[in-house]
Amino acid sequence: MNITWHEQTLSKAARAKSKSQKSYVLWFTGLSASGKSTLANALEHRLHASGHHTYLLDGDNVRHGLNQDLGFSDEDRVENIRRIAEVSKLFVNAGTIILCAFISPFKRDRDMARAILPQGEFIEVYVNTPLTVCEQRDPKGLYRKARQGEIRQFTGIDSAYEAPDNPEITINTENKNVENCVDELLVYLQQNNLIHRNELLGNGNIPSCRSMLT
Ligand code: ADP
C-alpha cells in the first residue's frame, strides 16, 4: 500500500488547550435501558454549560450513518466498535471530550477500543443497572419483544453482557435520579483533573467531593 502516515505539527494538546480543557473519551457501557444515553446526554449538557467542548456519539445514531452497512453478526459488531473507537480518537485529537453510549457487551471489544486510544484517554463508565430494573423500564419495548422471541440475540436475554472488571467509573442508577448520577460522574472528573477546576463543584449544583464519598 502506498500510504504513509502524515505527521501533523499542531498537537492534540495545543488543540485542547485552545479550548482550555483536556480531551478524552467517556465510554458508557451497560445493558439496554441501563441509562447510558440518558446519562451521557445529561452530562454533556452540564459540561457544555461550564464551557467544555463536547460531542456525543450514540449507538443507534451511528448505525444510521457511518455504520449503516453493518448488521449484528459477531464480525459486524466488532467492526462497529472499532470504527466508533477510531472516530473517537479523531475527536480526542481535535481536542474534544467525546461521550460514547454503546451497549458494547463484550470485554474484548471494549479492550480493543481502549487500546486504540492513548493511555488515560479512555474512561470506561459502567452503567451497572440490574437487568430486572432495565426490563421494568423498557423505554423502547425491546425487552418485551426479546422475551416474545421477536428480537434474537438481545443482550441480557439471549446474548451475554460481560461486565467490565476494572471500569474507571461504576454508576448504579437504581433508586437514583439522573441528576444525582451526573453529579457522581462530575465528581470523578473533577477529582481526576479532567474538567475545569472549581467551576462545577463550586456552583452549588453538586455536593462537595467529601459528602459524595462519605
Ligand atoms: P440506554 O441508553 O442504556 O439504552 P436509556 O438512557 O435510553 O438507556 O434509557 C434509560 C431509561 O431509564 C430512561 O427512560 C430514563 O429516564 C430512565 N432512568 C431512570 N432513572 C435513571 C437514572 N438514574 N439514570 C439514567 N436513566 C434513568
Side-chain angles (χ1 to χ4, degrees), residues 25-49 54-68 70-72 76-77 80-81 83-85 87-88 91 97-107 109-110 113 122-148 150-164 167-190 200 205-207 211-213:
V25 183
L26 286 166
W27 188 280
F28 290 76
T29 173
L31 293 168
S32 179
S34 58
K36 301 178 296 298
S37 300
T38 303
L39 292 179
N41 189 60
L43 177 62
E44 189 186 25
H45 273 280
R46 292 280 291 273
L47 292 175
H48 179 77
T54 56
Y55 192 72
L56 173 58
L57 267 185
D58 198 285
D60 285 354
N61 299 3
V62 171
R63 282 187 178 273
H64 278 286
L66 177 69
N67 291 353
Q68 65 182 356
L70 300 178
F72 291 88
D76 281 3
R77 281 179 196 260
N80 184 45
I81 298 298
R83 287 186 200 171
I84 292 158
V87 168
S88 301
F91 272 92
I97 297 168
I98 177 156
L99 302 93
C100 292
F102 298 93
I103 298 175
S104 45
F106 302 121
K107 274 185 203 165
D109 297 348
R110 295 191 305 266
F122 181 90
I123 297 161
E124 195 169 15
V125 182
Y126 175 30
V127 185
N128 181 12
T129 307
L131 177 63
T132 47
V133 174
C134 295
E135 206 166 345
Q136 266 164 20
R137 289 180 181 166
D138 205 12
K140 298 174 195 155
L142 298 177
Y143 283 100
R144 189 179 42 78
K145 284 190 184 163
R147 288 286 184 201
Q148 289 169 350
E150 288 171 39
I151 305 177
R152 301 267 173 215
Q153 298 274 285
F154 194 75
T155 302
I157 304 298
D158 55 354
S159 184
Y161 178 78
E162 298 171 358
E168 277 75 6
I169 313 174
T170 299
I171 293 275
N172 187 323
T173 70
E174 195 184 7
N175 306 321
K176 273 186 227 150
N177 66 28
V178 173
E179 282 309 307
N180 290 150
C181 295
V182 172
D183 289 347
E184 277 184 42
L185 293 168
L186 288 169
V187 168
Y188 175 89
L189 296 177
Q190 180 136 63
L200 293 157
N205 282 340
I206 70 175
S211 67
M212 291 295 297
L213 296 173

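Keep in mind that this is a model prediction, so the values were computed, not measured. Counting convention: from 1, in listed order, for ligands and their atoms alike.
- The nearest heavy-atom contact from the protein to atom 7 (O) of ligand 1 is Ser37 CB, 4.1 Å.
- The distance criterion of under 3.5 Å between nitrogen or oxygen atoms is not met by Lys140 with respect to ligand 1.
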Could you go through the side chain to side chain contact (heavy atoms under 4.5 Å, CB included) check for Phe154 and Ile103 one step at a time? CA-CA 11 Å; Phe154 194 75; Ile103 298 175; 5.9 Å; no

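- Using a 3.5 Å distance cut-off with no hydrogens or angles, the side chains of Arg137 and Thr173 do pair a donor with an acceptor.
- Of all atoms in ligand 1, listed by their number and element, those nearer than 4.0 Å to a heavy atom of Lys176 are 20 (N), 22 (C), 23 (N).
- Under a cutoff of 6.0 Å and an axis angle of 45°, Arg63 and Phe72 form a cation-pi pair.
- Looking only at heavy atoms of the protein, atom 22 (C) of ligand 1 is closest to Thr173 CB, 3.6 Å.
- Near Leu31, with a cut-off below 4.0 Å to any heavy atom, the atoms of ligand 1 are 3 (O).
- With respect to atom 14 (O) of ligand 1, the closest heavy atom belonging to the protein is Pro139 CB, 4.0 Å.
- Residue Leu39 holds the heavy atom nearest to atom 24 (N) of ligand 1 of all those in Asp58, Thr38, Leu39.
- When each of Val182, Leu189, Thr54 is tested with Arg46 by the rule side chain to side chain contact (heavy atoms under 4.5 Å, CB included), just one qualifies, namely Val182.
- For atom 21 (C) of ligand 1, the closest non-hydrogen atom of the protein is Arg137 NH2, 3.6 Å.
- The closest approach between any non-hydrogen atom of Ile103 and ligand 1 is not below 4.0 Å.
- Nearest protein heavy-atom contact of atom 3 (O) of ligand 1 is Lys36 NZ, 2.7 Å.
- Counting the atoms of ligand 1 from 1 in the order shown, those under 4.0 Å from a heavy atom of Val178 are 21 (C), 22 (C), 23 (N), 24 (N), 25 (C).
- Residues Asp58 and Ser37 bring a donor and an acceptor atom of their side chains to less than 3.5 Å of each other.
- The nearest pair of heavy atoms linking Ala33 to Pro139 is CB-CD, 3.5 Å.
- Considering backbone and side-chain atoms alike, Ala33 places an N or O below 3.5 Å from some N or O of ligand 1.
- Of all the heavy atoms in Asp138 and Leu142, the pair that sits closest is OD1-N, 2.9 Å.
- For ligand 1, the atoms sitting less than 4.0 Å from at least one non-hydrogen atom of Ser32 are 4 (O), numbered in the order shown with element in parentheses.
- Summarising the geometry of Tyr161 relative to Gly30, their closest heavy-atom pair is OH-N, 3.4 Å, with the distance given to 0.1 Å.
- Near Ser34, the atoms of ligand 1 lying under 4.0 angstrom from a non-hydrogen atom of the residue are 3 (O), 8 (O).
- By the 4.5 Å heavy-atom criterion applied to side chains, Phe28 and Leu56 are not counted as neighbours.
- Listed by number with element, the atoms of ligand 1 under 4.0 angstrom from any heavy atom of Cys181 are 23 (N).
- Annotation: salt bridge (charged side-chain N to carboxylate O under 4.0 Å, His left out) contacts of Glu124 (sequence neighbours excluded): Arg110, Arg114.
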